[in-house]
Amino acid sequence: MKVLKFGGTSVGSAERIKEVAKLIVDGDRKIVVFSAMSGTTNTLVEISDYLYKKNPEGANEVINKLEEAYVGHVNELYETPEYKEKGLEVVHSHFDSIRKYTKDLFTLFEEKVLLAQGELISSALVNFYLQEQGIKSVLIPALSFMRMDKNNDPDPIYIREKLNQQIEQYPEVELFITQGYICRNAYGEIDNLQRGGSDYTASLIGAAIKAKEIQIWTDIDGMHDNDPRVVEKTSPVRHLEFEEAAELAYFGAKILHPTCIQPAKYANIPVRLLNTMDPSAPGTLISNDGSKEKKIKAVAAKENITAIRIKSSRMLLAYGFLRKVFEIFESYETPIDMICTSEVGVSVTIDNTRNLNEILNDLRKYGTVTVDDNMCIICVVGDLSWENVGFEAHALEAMKNIPVRMISFGGSNYNISFLIRNEDKVKALRQLSDYLFNNK
Ligand code: ADP
Ligand code: ASP
Ligand code: MG
């Protein structure tokens, strides 16, 4: 069985939904995960902002506009009056429930229910469309199997059991439909897997059913060697190791949600990134096939990073210093991304600055602390094991006219990272493309 996930732009209009329906009917048994139609989750966030600010009028205006857009989609999508009516019923019932929040208390709990509406609507509309076309499909609600535990990690045993139970009820069915992004928390309340989390849904489902392949369908032909929103000439990368894909996703390649790789990697299920607008394009295969490709494959950037340096002569010839420093970050539940050390100092980067002041206060017990904010991590990914002579020099050459605050290499065989200023990001990405991929 395969798992296919279609993102927001892939189901962004009636036209696109019709194209997707053609793609998913090929005789193979599969589970298809749908995101909300593009723009919907952003609009739901906007509505919740109005509701938090106790502005029901503002919320209503946005709700009505979004509902109107959906009425338009329904009229375009279905051919028969029967299905137009069914589609409108779905739309109106969801929007009526959204509207209730303008008259009631609005808390974190209601917000989660509100944010879930996009995926609930898109999956129901697609399922009706398939029915209208005479295609047999079964909708399995994500809220019946996608559950998190008390640490907000997925509960793989629960997910596997509940999902497989439902699939086993329909041995003759080839096409199952479900929602990305939405889930229940450990208390059974509606929750979500964070923005962009439908990729994670697909990967968790893939692992739960031991899928043959997980396909992430989006609006571009696979992982490109640089951010196509910033750099003009980028090309798709045909193959990535799981670790390479994870680095790129974590450090800013928006095509993949950073959490998506881990479940697939543990279950050793290949992930394929494919283009709904050009379905025959080969896209990118992510797998660990052990092939050493001996090349730099792609770069990505993550902005708004804060660098902290702790300088102390107490570090000289001492042991235990780094443990004390790291314990401070641990106690404030703040992950560290990059680390560079010298005999008299250590620099680390964080992107979650919620507890920055407390962290700095504690660090001052151990040395002189300085902070650089508005920084950016540039991550260069590929077969960067240390035996490959000259690769890091090549990446450094591309950065020669850009002030570099930190360099990290050797932590894995897959990347070299640079910390630079946010304002130098575009220049750095363009120069890296010129040097590494476009032979300039
Ligand atoms: P979906 O809605 O299908 O989940 P996303 O918008 O989340 O799609 O991801 C696809 C987008 O990711 C592309 O349109 C592209 O602009 C952006 N992107 C950023 N970096 C990369 C990259 N390195 N390769 C491909 N796409 C990238
Ligand atoms: N609809 C959600 C979002 O826009 C989840 C997703 O698209 O993956 O973030
Ligand atoms: Mg996405």
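Order of appearance sets the numbers: ligands from 1, and atoms from 1 within every ligand. All of these numbers come straight from a predicted model, not from anything done at the bench.
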Student: Compute the ring centroids of Tyr70 and His73, then answer whether they are less than 6.0 Å apart.
Tutor: yes
Student: Anything under 3.5 Å between an N or O on ligand 2 and a protein N or O? List each pair with its distance, or write none.
Tutor:
| from | atom 1 | to | atom 2 | distance (Å) |
| --- | --- | --- | --- | --- |
| ligand 2 | 1 (N) | Thr41 | OG1 | 2.8 |
| ligand 2 | 1 (N) | Glu119 | OE2 | 2.6 |
| ligand 2 | 4 (O) | Thr41 | OG1 | 3.4 |
| ligand 2 | 4 (O) | Arg195 | NH2 | 3.0 |
| ligand 2 | 7 (O) | Ser35 | OG | 3.4 |
| ligand 2 | 8 (O) | Gly196 | O | 3.4 |
| ligand 2 | 8 (O) | Gly197 | N | 3.4 |
| ligand 2 | 8 (O) | Ser198 | N | 3.0 |
| ligand 2 | 8 (O) | Ser198 | OG | 3.0 |
| ligand 2 | 9 (O) | Arg195 | NE | 2.6 |
| ligand 2 | 9 (O) | Arg195 | NH2 | 3.4 |
| ligand 2 | 9 (O) | Gly196 | N | 2.8 |

Student: In terms of side-chain heavy atoms, does Asn288 have a donor or acceptor partner in Asn268 at a distance below 3.5 Å?
Tutor: no
Student: For His239, which residues count as a ring-ring contact (aromatic ring centres under 6.0 Å, His included) partner, sequence neighbours excluded?
Tutor: none
Student: Return the minimal non-hydrogen interatomic distance between Tyr250 and Pro258, and the atom names on each side.
Tutor: CA-CB, 3.9 Å
Student: Could you list each N/O atom of ligand 1 together with any protein N/O atom closer than 3.5 Å, one pair per line with the distance?
Tutor:
| from | atom 1 | to | atom 2 | distance (Å) |
| --- | --- | --- | --- | --- |
| ligand 1 | 2 (O) | Gly8 | N | 3.3 |
| ligand 1 | 3 (O) | Thr218 | OG1 | 2.8 |
| ligand 1 | 4 (O) | Lys5 | NZ | 3.1 |
| ligand 1 | 6 (O) | Lys254 | NZ | 2.7 |
| ligand 1 | 8 (O) | Thr218 | OG1 | 3.1 |
| ligand 1 | 12 (O) | Ile255 | N | 3.4 |
| ligand 1 | 14 (O) | Asp219 | OD1 | 2.8 |
| ligand 1 | 14 (O) | Asp219 | OD2 | 3.2 |
| ligand 1 | 23 (N) | His224 | O | 3.3 |
| ligand 1 | 24 (N) | His224 | N | 2.8 |

Student: Considering non-hydrogen atoms only, spot the tightest contact between Ala202 and Val3 and give its length.
Tutor: O-CG1, 3.7 Å
Student: Does a side chain donor of either Asp227 or His224 reach within less than 3.5 Å of an acceptor in the other side chain?
Tutor: no
Student: Quick one: closest heavy-atom pair of Tyr170 and Gln166, and the distance?
Tutor: CD1-O, 3.3 Å
Student: State, to 0.1 Å, how close Cys376 and Ala301 come at their nearest heavy-atom pair, and which atoms those are.
Tutor: SG-CB, 4.0 Å
Student: Sequence neighbours excluded, which residues qualify as side-chain hydrogen bond (donor to acceptor under 3.5 Å, both in side chains) partners of Tyr52?
Tutor: Glu111
